[in-house]
There are 2 protein chains.
Amino acid sequence: MKKSDLFPLVFVDVALFSIVSDCLRVLLVRRAQDPNRRGWALPGGILKPEMDADLKSAATRVLRTKISVEVPHLEEVRTFSGVDRDPRGWSISVLFCALLPYDKVNALVKDKVEALEWAAADNPGHRMAFDHGEQLAVALHMLRDRVRVTRPVLPLHLMPERFTLTALQKTCEAILGKEIDKAAFRRRLKDSTDLVELPGELQRGSHAPAQLFRARDGFEFAV
Amino acid sequence: MKKSDLFPLVFVDVALFSIVSDCLRVLLVRRAQDPNRRGWALPGGILKPEMDADLKSAATRVLRTKISVEVPHLEEVRTFSGVDRDPRGWSISVLFCALLPYDKVNALVKDKVEALEWAAADNPGHRMAFDHGEQLAVALHMLRDRVRVTRPVLPLHLMPERFTLTALQKTCEAILGKEIDKAAFRRRLKDSTDLVELPGELQRGSHAPAQLFRARDGFEFAV
DNA sequence: AGAATAGTGTCTGTCAGACAGTATCGC
DNA sequence: GCGATACTGTCTGACAGACACTATTCT
């Protein structure tokens, strides 16, 4: 009788999203060990009760130790459980959704894992290990819902510290996978307390200068 | 070193909602054993990997064995975890939200547990064991959001098989804790495919007869 | 001048809230 | 007729989508 017949294995997995060239991407890692060695998967790891204060802390630790990244936002999506989803035995994976500002994407150290890839979120292009394909789909669905159905909720955790309204709109479009009307988008944001205008700070280029904004202090994506 | 220093204890807890006299209620049980003996809590139990196909099945089993009830709807809310929340050690509770049609409330066998109570959902009136007070608040928040923000989603799992639009409106009002305009409510429902009119079936009384409806076959509350 | 992007004004259809009005039952 | 409830019609304000328009910069 395996231990996991009495105690389930508990994992945390993270769907870490960011924006690369105006496209929503998710971070995939290539597994270095069996089971599913060399298979593509969401970054994750086993819960260590002696180290982790709770499941969210475990997810934070996994991101920090495995791919050396600190994320500003981490939120539970749901669990995946059962006897069949992992060959090691009865297991639970608690899935988290994380957002990384797109100016931090290149900060990932590439030598810690044998392979990292920022895959297109809606079409990663790899068959994925375990049930991580479903996990990705569920996390993506939650992210889209956040931006769509509860309308004033903004994906500010994906933005760099200072950003223009156009950049924010591009990010929302990348998440939703469709274009948004500029006037309507800006009209909704007029009354948002989550955005703070930075007076005098403009982004220049070969066009009219654009007002820069930052996220309100203490802004949280959560509902 | 306790086992729970290496393996977390895994529980499932259920916030089971129904309607009693036009008021949203939640089922509380009084604990028969330590820890927290005689404290009020949400019904729950420990995961049994050798019996349970997954966490949702575990929640179904707990409701069936502890309070002899089969619920038509069960949905994961989120997890609660950490070393401090249960004196037995590092633990995870996976919270589920369940809905029971209000004509089934009295079917509960009262002799199986030493005490059951249908408490007002927004003010249960007991100090609750562990973190079950927070769990209840989170489940209630999710339920309200489902009815409020994604508007065409209906709490049909709380209704008996045949019901009037007025009864459905009362149920929504009980969940939201505020009144809804009748005309607006019915206008939204006009195009809903989730409701099926029962031609010729009317509820009679000392007033104009009211059309009866049922939920569409295969209706699911989930988003 | 022309390209490119920032930012705004306006029209229109949809829809929710509010509220009044009509219809149909039992007594 | 009267009370009670079912159900509908209409007005109005808010707002999203669509689209055109002006403004500002660099080349």
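So you know, we letter chains A, B, ... as the sequences are listed, proteins then strands, and number each from 1.
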*Asks:* Could you work out, with ring-ring contact (aromatic ring centres under 6.0 Å, His included) as the rule, every residue matching W118(A), not counting sequence neighbours?
*Replies:*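 Counting only residues at least two positions away or on another chain, W118(A) forms no ring-ring contact (aromatic ring centres under 6.0 Å, His included).
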
*Asks:* Using side-chain hydrogen bond (donor to acceptor under 3.5 Å, both in side chains) as the criterion, list what pairs up with T60(B), not counting sequence neighbours.
*Replies:*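 Listed in chain order: nothing, the list is empty.
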
*Asks:* Nearest-Å distance, CZ (F213(B)) to C1' (dA6(D))?
*Replies:*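 After rounding, the gap between these two atoms is 11 Å.
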
*Asks:* Can you list, by residue number, the residues of residues 199-207 of chain B that have a non-hydrogen atom closer than 4.0 angstrom to DNA chain C?
*Replies:*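 Residues of residues 199-207 of chain B under 4.0 Å from DNA chain C: R204(B), G205(B), S206(B), H207(B).
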
*Asks:* So how far off straight is the helix from dA1(C)-dT27(D) to dC27(C)-dG1(D), going by the axes through five pairs at either end, to 10°?
*Replies:*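 Terminal axis comparison yields 10°.
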
*Asks:* Applying salt bridge (Lys or Arg N to Asp or Glu O under 4.0 Å), which residue pairs with at least one partner in residues 10-25 of chain A are found, sequence neighbours left out?
*Replies:*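 Checked against salt bridge (Lys or Arg N to Asp or Glu O under 4.0 Å) - neighbours excluded - no pair reaches residues 10-25 of chain A.
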
*Asks:* With sequence neighbours excluded, tell me which residues meet side chain to side chain contact (heavy atoms under 4.5 Å, CB included) with V138(A).
*Replies:*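 By the side chain to side chain contact (heavy atoms under 4.5 Å, CB included) rule, V138(A) matches V77(A), R78(A), F80(A), E134(A).
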
*Asks:* Among residues at least two apart in sequence or on other chains, which ones pass ring-ring contact (aromatic ring centres under 6.0 Å, His included) with Y102(B)?
*Replies:*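 Listed in chain order: nothing, the list is empty.
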
*Asks:* Output the rounded distance in Å from CD (E197(A)) to P (dG7(C)).
*Replies:*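 Result: 9 Å.
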
*Asks:* For residues 195-205 of chain A, tabulate all N or O donor-acceptor pairs below 3.5 Å that involve a side-chain atom, not counting sequence neighbours.
*Replies:*
residue, atom, partner, partner atom, Å
E201(A), OE1, R162(A), NE, 2.7
E201(A), OE1, R162(A), NH2, 2.8

*Asks:* Donor-acceptor pairs under 3.5 angstrom involving side-chain atoms of residues 172-187 of chain B: please list them, not counting sequence neighbours.
*Replies:*
residue, atom, partner, partner atom, Å
E173(B), OE2, Q169(B), NE2, 3.2
E173(B), OE2, I180(B), N, 3.0
D181(B), OD2, A183(B), N, 3.1
D181(B), OD2, A184(B), N, 3.0

*Asks:* Quick one: on DNA chain C, does R187(A) or A210(A) contact a more 5' nucleotide (nearest heavy atom)?
*Replies:*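 In this pair, the answer is A210(A).
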
*Asks:* Counting only side-chain heavy atoms from C-beta out, which of dA16(C), dA23(D), dT24(C) sits nearest to P209(B)?
*Replies:*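 Taking heavy atoms from C-beta onward, the closest nucleotide is dT24(C).
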
*Asks:* When all nucleic acid strands are considered with a 4.0 Å heavy-atom cut-off, which category describes T166(B): base, sugar-phosphate, or nothing?
*Replies:*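 Sugar-phosphate contact only - T166(B) comes under 4.0 Å of backbone atoms but never of a base.
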
*Asks:* Among all residues two or more places apart in sequence or in another chain, which pass the side-chain hydrogen bond (donor to acceptor under 3.5 Å, both in side chains) test with H126(B)?
*Replies:*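 Result, side-chain hydrogen bond (donor to acceptor under 3.5 Å, both in side chains) vs H126(B): W40(B), E117(B).
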
*Asks:* Looking only at the side chain of Q211(B) (C-beta and beyond, no hydrogens), which of the listed nucleotides dT5(C), dC7(D), dA23(C) gets closest?
*Replies:*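 In terms of side-chain proximity for Q211(B), the closest of dT5(C), dC7(D), dA23(C) is dC7(D).
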
*Asks:* Enumerate all atom pairs, one protein N or O and one N or O from nucleotides 19-22 of chain C, separated by less than 3.5 Å.
*Replies:*
none

*Asks:* Checking side chain to side chain contact (heavy atoms under 4.5 Å, CB included) between L42(A) and each of V14(A), L16(A), V26(A), which is the one that passes?
*Replies:*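 So, applying the side chain to side chain contact (heavy atoms under 4.5 Å, CB included) to L42(A) and each of V14(A), L16(A), V26(A), only V26(A) qualifies.
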
*Asks:* To the nearest Å, how far apart are F185(B) CZ and dT5(D) P?
*Replies:*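 Value for this atom pair: 17 Å.
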
*Asks:* Kindly write out the residues that satisfy side-chain hydrogen bond (donor to acceptor under 3.5 Å, both in side chains) with S57(A), not counting sequence neighbours, or none if the list is empty.
*Replies:*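 If we apply the side-chain hydrogen bond (donor to acceptor under 3.5 Å, both in side chains) test to S57(A), skipping adjacent residues, the hits are D54(A).
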
